[in-house]
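All residue numbers refer to positions in the sequence shown, counting from 1.
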Amino acid sequence: MTGMAFHFQPRTISECAQKLTPRGFNVIDKDIDDGLYEFEAIKNNQKWEVKMNQRCKVLLERIDD
């Protein structure tokens, strides 16, 4: 087995925001904090907070009280 280095190409915050649309989210605000992408979004008439890493993997998804 040969050693292969895996380099991930970070996605832009806009690319990650687009991944939320098919899941029913309407992104209303986006920010970058400590290297994480943070989004405020509306889904089913509720405000949500979503955090992603730079690979667009969802790390946190919760209703924002």
Side-chain angles (χ1 to χ4, degrees):
M1 183 173 207
T2 60
M4 293 174 52
F6 289 97
H7 299 283
F8 81 92
Q9 189 73 1
R11 305 287 184 205
T12 67
I13 193 167
S14 294
E15 287 175 311
C16 290
Q18 291 174 1
K19 302 233 180 237
L20 294 173
T21 302
R23 298 180 56 208
F25 288 100
N26 179 29
V27 176
I28 56 173
D29 192 27
K30 51 190 171 187
D31 194 17
I32 300 173
D33 188 30
D34 291 330
L36 296 178
Y37 296 153
E38 298 183 355
F39 304 96
E40 288 183 16
I42 303 294
K43 179 179 180 180
N44 298 328
N45 294 319
Q46 293 182 305
K47 190 174 176 182
W48 287 74
E49 176 184 1
V50 180
K51 292 186 182 187
M52 294 181 166
N53 65 14
Q54 293 181 0
R55 294 183 186 179
C56 300
K57 179 180 177 185
V58 174
L59 305 174
L60 173 76
E61 182 178 307
R62 67 176 179 191
I63 295 174
D64 193 11
D65 295 327

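Evaluation of the side chain to side chain donor-acceptor pair (under 3.5 Å) rule for Gln18 yields no partner, not counting sequence neighbours. Applying the ring-ring contact (aromatic ring centres under 6.0 Å, His included) test to Phe39 and every residue at least two apart in sequence or in another chain returns nothing. By the side chain to side chain donor-acceptor pair (under 3.5 Å) test, Lys57 is found to be paired with no residue, residues two or more places apart in sequence or in another chain being considered.
Residue pairs meeting the salt bridge (charged side-chain N to carboxylate O under 4.0 Å, His left out) criterion with at least one member in residues 37-46, sequence neighbours excluded: Glu38-Lys51, Glu40-Lys47. Residues in residues 11-21 take part in no salt bridge (charged side-chain N to carboxylate O under 4.0 Å, His left out) pair, two or more places apart or across chains. Within the structure, disulfide (SG to SG under 2.5 Å) pairs that include any residue of residues 34-65 comprise Cys16-Cys56 (at least two apart or interchain).
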Before giving the answer on side-chain contact (heavy atoms from CB on, under 4.5 Å), spell out for Asp64 and Trp48 the whole-Å C-alpha distance, their side-chain angles and the decisive distance to 0.1 Å.
CA-CA 5 Å; Asp64 193 11; Trp48 287 74; 5.9 Å; no
Distance-only check: which donor-acceptor pairs under 3.5 Å involve side-chain atoms of residues 24-32, not counting sequence neighbours?
unit_1	atom_1	unit_2	atom_2	d
Lys30	NZ	Ser14	OG	3.3

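Taken from CD in Glu61 to CE in Met52, the straight-line distance is 8.0 Å, to the nearest 0.5 Å.
Side-chain N or O atoms of Asn53 include one that pairs as donor or acceptor with a backbone N or O of Arg55 at under 3.5 Å.
In the hydrophobic clustering, where aliphatic and aromatic side chains (Ile, Leu, Val, Met, Phe, Trp, Tyr) are joined below 4.5 Å either directly or transitively, Leu59 groups with Leu36.
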